[in-house]
Each structure stands twice: as C-alpha cells, then as structure tokens.
Amino acid sequence: MDSSLFFGISTMAYILAMIVYITFVAFRKQQIGITATAITITGFLAQTSAIILRWNEFAGLSGLGIWKSAPLTNLYESLIFFVWCLILGYLIIEFKFKNRSFGAFVTPIAGLALAFIDLSGVSKEIQPLVPALKSNWLLAHVTMSFIAYAAFSISFSTGLMYLIMTTEKRTESSYIFWTLTFGIFSVILVLMSIDFLAFKVKVRPDVFVKSYLFKTTFLNPSMFVKTLSWILSLAALFLIWRFGSVLRTIITKFHVTAEMLDEITYKSIAVGFPIFTLGGLIFGAIWADQAWGVYWSWDPKETWSLITWFIYAFYLHGRMIRGWKGKKVAVVAVIGFMAVIFTYLGVNLLLSGLHAYGSA
C-alpha cells in the first residue's frame with residue numbers, strides 16, 4: 001500500500017462526513033452525529049497514515065534523511081497538511097465544546113481544499129527539492145505556518161457564524177459586511193469551478209490551472225460573456241444581501257450560542273497568532289537568510305504574511321487591551337482569514353516571487 005490509497009480514503013471520508021454533518025444539523029438525531037464523528041476520525045487516521053507513508057517515500061527517494069524530507073515542499077502537500085491541521089483542530093473543538101454542529105461548517109472547507117487539488121491539476125508527484133528548501137528550517141517554518149492557518153480558518157468560520165447570528169437589519173454595517181464577504185467568496189468559488197470545468201475539457205488535465213483563472217468569465221475575450229458575468233455576479237450579491245436572514249435561521253438550529261462562537265474565535269486566534277509569529281515570520285526570516293542571504297526581501301509572500309500578522313495583532317490588541325468583543329472583532333477575524341487565503345493561494349496564483357516554487 002502507498003500513500004495515495006490512504007489519501008483517497010481520507011478524501012472520501014471527509015466528503016461523506018460533510019454530508020452526514022449537514023444531515024445531523026437538519027434532523028438532530030444523535031446517532032447521525034456519532035456517525036459523522038466516526039467518519040471524520042476514520043478520515044483523519046487515514047490521512048495521518050498517508051502523510052507518514054509519503055514522508056517515508058520522500059525520505060527514500062531524496063536520501064536527505066528523515067528531518068529534511070517532510071512532505072511539505074509543494075502546493076499539493078501543503079494543502080493536504082492544511083486539511084489535516086484543520087480536521088485536528090475541529091475534532092479538539094468538538095470534544096471540548098461537545099457540539100457537532102460546527103462540523104457542517106468546517107468539513108466543507110476541507111472538502112473544498114481537497115476538491116481544489118483534483119480540479120486544478122496541482123501536481124501530486126513527489127518532486128526533488130530545490131536548493132533553497134534543503135534546510136532543517138523547512139519542517140519548523142512550514143509546519144507551524146499551516147498549524148496557524150488552520151487555527152485562523154476555524155476563527156473565520158466561527159466569526160462569520162457569529163456575524164450571521166447577531167445581525168438582523170439589512171442596513172446594518174456588519175450585516176452588509178458579512179453578506180458582501182460571503183457573497184464574494186461564493187461567487188469566486190462558483191466562477192473558479194466554471195474555469196476548472198472548462199479547463200478540464202480544453203486543456204490537458206495534468207497542467208496546473210493557474211493561467212486559466214477567470215478566463216471563462218471576467219477575463220473572457222467576448223464582451224458579451226464578460227458583461228453577463230458581471231451582471232450575474234452582482235445579482236448573486238444582491239440576492240445574498242436580500243435573503244441573508246435565511247442563513248441566520250439555519251444557524252440558529254445549530255444549538256450554538258453567540259458567546260460560544262465569540263470564545264472559539266478568540267481562542268483560535270490566541271493559539272494561532274504566536275505560532276504564526278514564531279514559525280511563519282521569525283523562523284521564515286532565519287531560513288531566508290540561510291537560503292538567499294537576507295532576512296527580509298519584501299517578496300510578495302513575505303509582504304502579505306506581514307499584513308496578515310498586523311491584522312491578527314490588531315484583533316488581539318482590540319480584544320485584550322481595549323476590551324472589544326462581538327461584532328467588531330468578528331469582522332477583523334473574517335478580514336484576517338481573507339488575508340490568509342491571499343497570502344497562501346492568491347500570491348502563488350496571481351503574483352510571482354521567491355516563494356513561487358510552492359505554486360505547483
């Protein structure tokens with residue numbers, strides 16, 4: 001057996017768990033909830049086995065020894081590790097707060113990340129390390145960065161749920177913020193899915209999709225298609241703003257309180273921030289000095305990492321020093337994760353720089 005078999009099992013388990021968690025939220029049957037948790041744990045154990053096997057496979061091929069052969073050298077492996085951290089964080093929250101409803105929000109993020117791997121043409125092959133990656137700092141820098149990303153993604157989910165639960169008036173600024181954020185996020189996912197489907201038909205499936213983003217909609221050569229894309233996207237945003245109260249009705253069935261969501265958001269960021277500071281920025285700077293001779297070069301990934309750090313520092317400053325709670329800090333938590341997404345995927349897909357080796 002090789003790692004790909006266990007990766008396949010974990011992918012199917014997470015997608016099945018997502019369906020069962022949503023069913024659990026709809027019918028509130030205890031047995032369904034236990035089944036969802038059991039499937040998630042099965043997927044997590046399979047993924048853990050897969051990562052260990054791939055680590056061993058990579059060590060055998062590279063000959064660099066076990067510590068320099070962590071399977072975190074490209075976009076595929078980093079996405080896999082991100083999903084692993086996310087599921088681990090979710091299981092801790094589920095057992096600590098004894099609430100399975102979050103699974104209906106967290107498992108779709110894992111499912112989307114795994115779907116992105118299959119649809120985008122990201123290479124799954126074990127690739128030789130470029131010289132810059134042959135360092136003992138690889139394990140510490142990348143591992144800690146993705147543990148922090150997973151913590152921030154949980155804070156995004158709970159922060160967004162908090163805003164949806166606590167806003168009612170369509171003219172309220174926080175209501176407009178979350179409907180606009182949720183709408184843009186949804187529209188981009190739909191448009192990227194259309195890109196991926198068109199890409200699969202027209203282009204070889206083993207080619208990375210980077211050069212084809214939004215070419216079937218916003219960047220289409222046809223003015224008619226381009227205009228229609230904008231009209232439909234704006235119409236979708238309007239409908240989400242107009243009928244956003246439906247989502248609030250659904251979330252109230254999750255048996256979670258606004259206080260619980262606020263607490264999880266804060267604790268996730270309180271855990272993720274120091275890990276990101278140490279692993280993402282400080283260890284990254286030390287590694288950069290060894291690899292490129294400078295601690296900081298304002299590479300796009302470095303710049304956006306610093307922007308992300310400032311946003312979460314602002315969150316903790318507002319919460320701990322000024323005593324902010326509720327909607328104010330929930331908005332900052334959501335903005336913070338949008339910066340994380342751009343730092344992680346946006347920079348690789350849209351910009352170039354010294355971290356470009358992580359794009360495929």
Side-chain angles (χ1 to χ4, degrees), residues 1-15 17 39-92 109-111 113-118 120-153 206 208 271-272 275-276 278-280 282-284 286-288 290-291 301 344-345 348 355-360:
M1 290 186 290
D2 60 9
S3 58
S4 60
L5 173 65
F6 286 97
F7 279 134
I9 293 172
S10 63
T11 301
M12 288 188 288
Y14 292 150
I15 292 173
I39 295 171
T40 305
I41 292 173
T42 302
F44 179 75
L45 294 175
Q47 191 176 12
T48 304
S49 303
I51 291 172
I52 294 171
L53 283 172
R54 187 169 177 103
W55 196 323
N56 187 54
E57 291 163 9
F58 191 25
L61 288 173
S62 67
L64 294 173
I66 199 71
W67 291 111
K68 290 184 179 179
S69 302
L72 299 165
T73 59
N74 54 37
L75 188 55
Y76 167 68
E77 292 171 346
S78 67
L79 278 168
I80 290 293
F81 185 66
F82 167 75
V83 171
W84 185 86
C85 294
L86 180 65
I87 295 298
L88 176 62
Y90 165 70
L91 288 173
I92 291 172
I109 297 177
L114 296 173
F116 177 84
I117 291 171
D118 281 333
S120 63
V122 171
S123 172
K124 298 179 182 178
E125 299 299 320
I126 295 177
Q127 300 163 351
L129 284 169
V130 298
L133 289 176
K134 294 177 181 176
S135 167
N136 289 324
W137 291 102
L138 168 67
L139 185 62
H141 171 60
V142 182
T143 301
M144 293 177 73
S145 295
F146 281 97
I147 290 173
Y149 286 173
F152 294 151
S153 69
D206 58 339
F208 190 46
V271 169
I275 295 174
F276 182 65
L278 186 64
I282 297 176
F283 287 174
I286 296 171
W287 186 11
Q290 290 186 356
K301 181 80 80 177
Y344 179 29
L345 291 178
N348 281 1
H355 288 76
Y357 52 75
S359 62

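- With sequence neighbours excluded, the residues satisfying side-chain contact (heavy atoms from CB on, under 4.5 Å) with T143 are L72, F81, L139, I147.
- Residues meeting the ring pair (Phe, Tyr, Trp, His ring centres under 6.0 Å) test with Y344, sequence neighbours left out: F146, Y149.
- Qualifying side-chain contact (heavy atoms from CB on, under 4.5 Å) partners for A13, counting only residues two or more places apart in sequence or in other chains: I39.
- Remark: I92 engages L88 in a side-chain contact (heavy atoms from CB on, under 4.5 Å) (not counting sequence neighbours).
- G272 and A151 make their closest contact through CA-CB, 3.9 Å (heavy atoms, listed as atom of the first residue, atom of the second, distance).
- From Y14, atom OH reaches atom OG1 of T42 across 9.5 Å, with rounding to the nearest 0.5 Å.
- The side-chain heavy atoms of T48 and I52, taken from C-beta on, include a pair separated by under 4.5 Å.
- The minimum heavy-atom distance linking A140 with F283 is given by the pair CB-CD1, 3.7 Å.
- Applying the salt bridge (charged side-chain N to carboxylate O under 4.0 Å, His left out) test to every pair with at least one member in residues 73-87, sequence neighbours left out, gives these pairs: R54-E77.
- Pairing each heavy atom of F6 with each of A46, the nearest pair is CB-O, 3.3 Å.
- Residue pairs meeting the salt bridge (charged side-chain N to carboxylate O under 4.0 Å, His left out) criterion with at least one member in residues 39-49, sequence neighbours excluded, do not occur.
- For the side-chain contact (heavy atoms from CB on, under 4.5 Å) test, residues two or more places apart in sequence or in another chain that qualify with T40 are A17, Y21, I87, L91.
- The nearest pair of heavy atoms linking G280 to S145 is CA-OG, 3.3 Å.
- Contacts classified as salt bridge (charged side-chain N to carboxylate O under 4.0 Å, His left out) and involving residues 79-88 (residues at least two apart or in different chains) are not found.
- Of the inter-residue distances, the one linking F44 atom CZ with S10 atom OG reads 11.0 Å to the nearest 0.5 angstrom.
- Here the side chains of W287 and V142 are in contact, with some heavy-atom distance below 4.5 Å.
- Summarising the geometry, atom CD1 belonging to I80 is positioned 6.0 Å from atom OG1 belonging to T11; distances are rounded to the nearest 0.5 Å.
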